[in-house]
Amino acid sequence: ITVIPKEILSCVEITELHLGNNRITELPSELGYLKNLKKLLIYKNELSEIPEEIGHCAALQVLDISCNNITMFPEGIYHCSLKELHCDENPLLEHLPVLSQNVNDVFYLKELCARMILRSFKDRNSLLRNQAV
């Protein structure tokens with residue numbers, strides 16, 4: 001598929017959405033309506049960005065955006081409850097100044113960066129929760 005059917009996005013009780021291995025080029029802003037969404041798998045598509053409205057999916061724990069063309073995360077993603085973030089094979093981490101003869105060092109650095117990003121989400125998310133209390 002190339003477009004997510006609007007009917008799916010109107011099913012607000014969805015907790016998992018598996019859309020990997022497609023040719024989806026855009027995630028609609030209506031994705032934010034899925035407030036109960038815990039797992040979003042959109043790997044191996046043709047996405048170049050994630051909509052800001054993903055932040056409305058506060059229950060989101062697992063996000064797999066690997067193998068796309070994503071270059072940055074929207075600010076709204078900090079409102080998600082991410083526990084797993086899969087973002088390999090995206091331009092997101094390809095612009096790091098890395099000098100290494102060993103390809104495995106580069107992959108390891110990308111994994112560390114992804115873990116730092118995830119930790120930053122968790123830290124910011126707990127800070128936001130504490131401020132709300």
Next item on the list: Could you state whether Y33 and L17 fall into the same hydrophobic cluster, counting links through intermediate Ile, Leu, Val, Met, Phe, Trp or Tyr residues with side-chain heavy atoms under 4.5 angstrom apart?
Entry: no
Checklist line | Closest heavy-atom pair and its distance - C80, I54 | finding: SG-O, 3.4 Å
Checklist line | Residue pair T2, R23: steps toward the side-chain contact (heavy atoms from CB on, under 4.5 Å) verdict | finding: CA-CA 5 Å; T2 57; R23 292 189 173 143; 3.9 Å; yes
Note to self: Side chains of I24 and I42, heavy atoms from C-beta outward: is any pair under 4.5 Å?
What the structure shows: no
Next item on the list: Over all heavy atoms of both residues, which pair between H86 and D64 is shortest? Give the atoms and the distance, please.
Entry: CB-OD1, 3.4 Å
Margin query: Taking the side chain as everything from C-beta on, heavy atoms only, tell me whether L40 gets closer than 4.5 Å to L34.
Written below: no
Next item on the list: Check N36 against E13 and note the closest heavy-atom contact, atom names and distance.
Entry: ND2-OE1, 3.2 Å
Checklist line | Rounded distance (nearest 0.5 Å) linking atom SG of C67 with atom CG of L47 | finding: 11.5 Å
Margin query: Would you compute the distance between atom CG of L19 and atom CG of N45 and round it to the nearest 0.5 angstrom?
Written below: 7.0 Å
Notebook entry, point to check: Going from CD1 on I50 to OG1 on T71, what distance comes out if it is rounded to the nearest 0.5 angstrom?
Noted result: 9.5 Å
Notebook entry, point to check: Roughly how far apart are N68 CG and S48 OG, rounded to 0.5 Å?
Noted result: 9.0 Å
Checklist line | Transitive ILVMFWY cluster of V3, excluding itself - 4.5 Å side-chain cut-off | finding: none
Next item on the list: Please report the shortest heavy-atom distance between S29 and P51, naming the atom on each side.
Entry: CA-CB, 4.4 Å
Notebook entry, point to check: Any chain of hydrophobic side-chain contacts (each under 4.5 Å) joining L41 to L82?
Noted result: no
Next item on the list: Hey, could you give me the NE2/CD distance between H79 and E53, rounded to the nearest 0.5 Å?
Entry: 11.5 Å
Notebook entry, point to check: What closest approach, in Å, do I65 and N90 show between heavy atoms, and which atom pair accounts for it?
Noted result: O-ND2, 2.8 Å
Checklist line | Pair listing, salt bridge (charged side-chain N to carboxylate O under 4.0 Å, His left out) test, anchored in residues 27-48, at least two apart | finding: K6-E30
Margin query: Determine whether a donor-acceptor pair (N or O, by modelled atom type, separation under 3.5 Å) exists between the side chain of S81 and the backbone of A59.
Written below: no
Check: Is the number of heavy atoms from other residues, nucleotides or ligands under 6.0 Å of E26 CD greater than 12?
Finding: no
Margin query: Quick one: does any side-chain atom of Q61 pair with a main-chain N or O of K83 as donor and acceptor, under 3.5 Å?
Written below: no
Check: Looking only at heavy atoms, which two atoms of P28 and I4 are closest? And how far apart?
Finding: CD-CD1, 4.0 Å
Next item on the list: Start with the C-alpha gap between L60 and I77, add the side-chain angles, then the distance that decides, and say whether side-chain contact (heavy atoms from CB on, under 4.5 Å) holds.
Entry: CA-CA 9 Å; L60 188 63; I77 204 165; over 6 Å; no
Check: Is any side-chain heavy atom of L31 less than 4.5 Å from a side-chain heavy atom of L9?
Finding: yes
Next item on the list: State the CD-OG1 distance between E49 and T25, to the nearest 0.5 angstrom.
Entry: 10.5 Å
